[in-house]
K.L.:
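Pasting in a structure now, in structure tokens, and then I'll have a few things to ask.
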Amino acid sequence: MKKFDFIIIGSGQAGVPLAFSLSKKGTVALIEKSFLGGTCVNNGCVPTKAYVASARRIWDSLHGEEMGIEIPAGAKANLEKIKARKDTLVKGSREGIEKSISSNDKITLFRGEAHFISNYEIAINDDKITAKQIFINVGARAIIPKEFSKVDYLTNVEILELAKLPEHLIIIGGSYIGLEFGQMFKRFGTKVTIIESGDRLISKEDENVSDAIATILQEENIAIEFNAKEINVTQDGTKILLKINGADKEITGTHLLLAVGRAPNTDTLQLENTSIMYDEEGYITVDDYCKTNTAGIFAIGDCNGKGAFTHTSYNDFQIVEEYILGDEKRKISDRITTYGLFIDPPLGRVGMTKAEAKEKGFSILIGQRPMDKIGRAKEKGETKGFMEAIIDAKTNQFLGACVLGVGGDEIISGITNLMYAKQPYTIFRDAIHIHPTVSELIPTMLEDLQPTTKE
């Protein structure tokens, strides 16, 4: 049994920086069963945003006429080249992590799947290691509903390995991952149909956001089927046949992408050999400092169910690092929810939706401005979407905001910072901003707040 001061299971966006931080205090065992870097590097942020960028270049080339630019032959996607560029970016990130680890004599990298023997003993292949402090950073993976298990399907992992464009891509799930892949592959030249069980897309958002996003995608000729409560799927050679709600609707495609949610990768850890608590979905139970119920064992990143983003995983690292150093200033409950939907135009979201604010009993004021009323958006020729702010009528502080439109994923940060500072919206309203920009119209929006009822 090899002894270490610390063991980290998983090399995601919490595990890797934690390994380097802890290596200053003692010996670290870092366990990884797949590629270094976790979801973000390998089949999440890095590769998908590379594809989004390629899709945007096609969009630009096909919309030159409206900007006075004549582009003779249009554009055609070469998926092999798009994939090769993506692979180069991913490889560079992986190799950077591996080089840093190999040059640190306090970190030992174990390749293989970790299994708990007991609370503080772990087996990896033929190795057995132990430590008094263990950090679980195993991430999550796509959920595969049983009804799709007998046909060929893709997840966010396999679709990024395609070297040939699908003829017709059917996407099950009208949420964040499905929408991003749907738009990028439609722009590449694939026919795309999105199947959603509910009556609107991304149901966590307010209805006006869901409706606007559906319109954006439908205007790019992406087909969307709502209220698909019952789906029967069969395969005939390379053809995938879906029957929706009995024989109500039939759709035939060449490829099927499953994007119905994520599940934690905790089922292989053999947690039954420990006293570590986890819920029925497999998420490990943690407190405000990512501590499990078992002394010295922490769960960080997606597998603790407290966040599903790279930035929340990295914040978990920050929380744990400070806790170990004896500083408990950072904690999960202080985190303000913020994220992006990286379709084009993107959605930047922070804090509560209107529905959440009303449900919690806040008296709210709403500010909204459509992008087609913003000079810089019109000058860019990108006027889809809107910006919206939700203000607490009693404190004048932001409860939440969204920017669906050009630059929305970047613009939202200005409101995020003000929310963390717990300052009133009037700070933003009364500040002087650069002209001409999209964000300069946020103060104008905040000058015309309208009350809304709690109902």
Side-chain angles (χ1 to χ4, degrees), residues 44 48 51-52 55 140-149 151-159 166-188 190-235 239-263 281 308-309 339-347 349 353-356 384-386 402 404:
T48 59
Y51 274 36
V52 166
R141 65 182 184 276
I143 293 173
I144 310 300
K146 290 182 180 178
E147 59 266 35
F148 297 100
S149 61
V151 299
D152 294 334
Y153 61 81
L154 304 167
T155 70
N156 63 298
V157 177
E158 293 85 14
I159 195 169
E167 181 182 326
H168 182 186
L169 176 64
I170 301 173
I171 300 173
I172 308 297
S175 198
Y176 305 91
I177 293 174
L179 301 188
E180 289 183 27
F181 278 113
Q183 188 188 54
M184 70 174 76
F185 272 88
K186 182 66 179 73
R187 289 183 171 189
F188 290 161
T190 292
K191 181 180 179 181
V192 173
T193 301
I194 296 173
I195 312 294
E196 169 55 41
S197 62
D199 59 1
R200 60 190 178 95
L201 301 176
I202 48 175
S203 58
K204 290 182 180 179
E205 305 295 337
D206 284 317
E207 288 190 27
N208 60 337
V209 175
S210 296
D211 293 345
I213 289 170
T215 299
I216 288 168
L217 298 177
Q218 287 167 333
E219 286 179 350
E220 293 196 27
N221 295 316
I222 295 172
I224 306 174
E225 297 291 335
F226 294 105
N227 297 305
K229 304 298 183 185
E230 180 186 341
I231 300 174
N232 179 270
V233 58
T234 56
Q235 184 168 358
K239 299 293 183 182
I240 304 289
L241 174 64
L242 268 68
K243 292 184 178 180
I244 300 173
N245 300 333
D248 191 36
K249 184 86 174 182
E250 293 189 3
I251 299 172
T252 302
T254 57
H255 293 72
L256 181 69
L257 172 65
L258 300 181
V260 297
R262 309 278 288 173
E281 294 180 304
F309 309 104
Y339 53 84
L341 167 65
F342 297 96
I343 60 165
D344 184 22
L347 168 71
R349 155 72 66 196
T353 62
K354 295 193 298 290
E356 288 171 332
K384 294 179 180 179
F386 60 90
C402 72
L404 172 62

K.L.:
Using 30° and 60° as the class limits, which term best fits the ring planes of F181 and F185: parallel, tilted or perpendicular?
P.N.:
tilted
K.L.:
Give a yes-or-no answer on whether the side chains of T215 and Q218 include a donor-acceptor pair shorter than 3.5 Å.
P.N.:
no
K.L.:
Going by heavy atoms in the side chains, are F386 and V209 under 4.5 Å from each other?
P.N.:
yes
K.L.:
Tell me the closest heavy-atom pair linking K243 and E250, and the distance in Å.
P.N.:
CE-OE2, 3.3 Å
K.L.:
Side chains of Q235 and Y153: do they bring a donor and an acceptor to under 3.5 Å?
P.N.:
no
K.L.:
Report the distance from atom CG of N208 to atom CD1 of I213, rounding to the nearest 0.5 Å.
P.N.:
9.5 Å
K.L.:
Below 4.5 Å, heavy atoms only, C-beta onward: do T254 and T190 meet side chain to side chain?
P.N.:
no
K.L.:
Quick check: do K204 and T353 have side-chain heavy atoms less than 4.5 Å from each other?
P.N.:
no
K.L.:
Measure across P345 and L404 and return the closest heavy-atom pair with its distance rounded to 0.1 Å.
P.N.:
O-CD1, 3.9 Å
K.L.:
Considering only heavy atoms from C-beta outward, does the side chain of L347 approach that of E205 to under 4.5 Å?
P.N.:
yes
K.L.:
Does the side chain of I172 come within less than 4.5 Å of L256's, by heavy atoms?
P.N.:
yes
K.L.:
When rounded to the nearest 0.5 angstrom, what is the spacing between NZ in K354 and CG in D206?
P.N.:
4.0 Å
K.L.:
Keeping N245 on the side-chain end and A228 on the backbone end, is there a donor-acceptor pair under 3.5 Å?
P.N.:
no
K.L.:
Should I231 and E147 count as side-chain neighbours, where that means a heavy-atom distance under 4.5 Å?
P.N.:
no
K.L.:
Please walk me through it: do N156 and R262 pass side chain to side chain contact (heavy atoms under 4.5 Å, CB included)?
P.N.:
CA-CA 11 Å; N156 63 298; R262 309 278 288 173; 3.1 Å; yes
K.L.:
By the salt bridge (Lys or Arg N to Asp or Glu O under 4.0 Å) test, which pairs, at least two apart or in different chains, include something from residues 171-185?
P.N.:
K49-E180
K.L.:
Taking H168 for the side chain and T252 for the main chain, is one N or O donor matched with an acceptor at less than 3.5 Å?
P.N.:
yes
K.L.:
Hey, does V192 have a side-chain heavy atom less than 4.5 Å from the side chain of L217?
P.N.:
no
K.L.:
Set out, in order, the CA-CA distance, both residues' side-chain angles and the distance that settles side chain to side chain contact (heavy atoms under 4.5 Å, CB included) for Y176 and I343, then state yes or no.
P.N.:
CA-CA 9 Å; Y176 305 91; I343 60 165; over 6 Å; no
K.L.:
Evaluate whether atom NZ of K191 has more than 12 neighbouring non-hydrogen atoms of other residues, nucleotides or ligands under 6.0 angstrom away.
P.N.:
no
K.L.:
So how far is it from C402 SG to L341 CG, rounded to the nearest 0.5 Å?
P.N.:
11.5 Å
K.L.:
So, for I171 and G182, which heavy atoms are closest and what is the spacing to 0.1 Å?
P.N.:
CD1-CA, 3.4 Å
K.L.:
Provide the closest heavy-atom pair for S210 versus R200 in the form atom of the first, atom of the second, distance.
P.N.:
OG-NH1, 2.7 Å
K.L.:
Rounded to the nearest 0.5 Å, what's the gap from CD1 on I159 to CG on L169? Could you check?
P.N.:
5.0 Å
K.L.:
Between atom CD1 of I177 and atom CG of L258, what is the distance when rounded to the nearest 0.5 Å?
P.N.:
11.5 Å
K.L.:
To check you understand the geometry: which heavy-atom pair defines the closest contact between E196 and G173, and what is its length?
P.N.:
OE1-C, 3.9 Å
K.L.:
Go through it in stages, so that I can follow the logic: the residues are E158 and T155, the test is side-chain hydrogen bond (donor to acceptor under 3.5 Å, both in side chains), and I'd like the CA-CA distance, side-chain angles, deciding distance and then a yes or no.
P.N.:
CA-CA 5 Å; E158 293 85 14; T155 70; 2.5 Å; yes
K.L.:
How long is the straight-line distance from CD1 of I170 back to CG of L242, given to the nearest 0.5 Å?
P.N.:
5.0 Å
K.L.:
Is the closest side-chain heavy-atom distance between V52 and D344 below 4.5 Å?
P.N.:
no
K.L.:
Examine F309 together with Y339 and report whether their ring centres are nearer than 6.0 Å.
P.N.:
yes
K.L.:
Minimum heavy-atom separation for P145 to V260, with atom names?
P.N.:
CG-CG2, 3.8 Å
